[in-house]
Amino acid sequence: MPLTVELIPCLTDNYAYLLYEQGTGLCAVVDPSEPEPVRRALAARGLRLTHILNTHHHFDHTGGNVPLKEEFGAAVAGPEKDGARIPALDIGVDESTPWQFGPYTATILEIPAHTRAHIAFVFDEERIAFTGDTLFAMGCGRLFEGTPAMMWASLSKLMRLPDDTRIYCGHEYTLNNGRFALTLEPGNEALQSRMREVEACRARSQPTIPSTMSLEKATNPFLRTDSAEIRKTLGMEDSDDVAVFAEIRRRKDDF
Ligand SMILES: [Zn+2]
């Protein structure tokens, strides 16, 4: 049985995700910002929630935990190291132990910096990764609780995932991220062609998610500190990766 992933738009630009197995009742929601859109998505598919997964504690990723847990009795799984900040946490997970979702195994990657205990749920066999607010389509999260070196290490960990891994992130920021990317690497043809697709998609109000790891490696400036064009734009031809990453992040904060 394949695992199905479906997007649930929440708030203004958040995505929660339904993750379920057809016909068996196994059904999780990833990062529910708010309960109502999740309830509607479940009702439309005749599903009941068994699990709630959180990548990090921010309210726009956990706001639905308590009401959805009360309604469905779903178990909440999230970063053990942030147990005190994840509402109604039942199952604390960390990188030392894979987490079992019915017959499916999720590797937990600890990817701190946006928050100090941010994690990704990675279903290796199914090639599905939920990256929360660490890796976005053509972007990365702000460094609220970590250093550039920490975020670079976190992104490097994600870059070791297979190229065909589908990336499901926490927000629809892709268009703005791509516009920023073009300021650093206007000659990147993969980036230009992706932006044409993203612009067409957003003009129809369609989501740009999921992405893939190969597409991110080709177009996401935060993963491309080795790009000669980016380094030239920044005047940082001889700097190390962390310094280049830090400068890209600094510029994005002001973009
Ligand atoms: Zn966040």
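Since we're looking at a predicted model, the values are computed, not measured. In each ligand, atom 1 is the first atom listed, and ligand 1 is the first ligand listed.
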*Asks:* Using the rule side chain to side chain donor-acceptor pair (under 3.5 Å), only one of D31, N54, D90 pairs with N65; which is it?
*Replies:*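 Of all the options given, the one that passes is N54.
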
*Asks:* Partners of E229 by salt bridge (charged side-chain N to carboxylate O under 4.0 Å, His left out), sequence neighbours excluded?
*Replies:*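 Not a single residue meets the salt bridge (charged side-chain N to carboxylate O under 4.0 Å, His left out) criterion with E229.
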
*Asks:* Centroid separation under 6.0 Å, is that true for the rings of H58 and H118?
*Replies:* no

*Asks:* Can you list the protein N, O or S atoms less than 2.8 Å from the Zn ion (ligand 1)?
*Replies:*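 For the Zn ion (ligand 1), the protein N, O and S atoms that sit under 2.8 Å away are H56 NE2, H58 ND1, H114 NE2, D133 OD2.
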
*Asks:* Taking only residues two or more places apart in sequence, or in another chain, which ones meet K252 in a salt bridge (charged side-chain N to carboxylate O under 4.0 Å, His left out)?
*Replies:* none

*Asks:* Please give the remaining members of the hydrophobic cluster of I86, linking ILVMFWY side chains under 4.5 Å, ordered by chain and number.
*Replies:* I8, L18, Y20, V29, V38, L42, L47, L49, I52, L68, F72, V76, L89

*Asks:* Does the gap between the ring centers of Y168 and Y17 come in under 6.0 Å?
*Replies:* yes

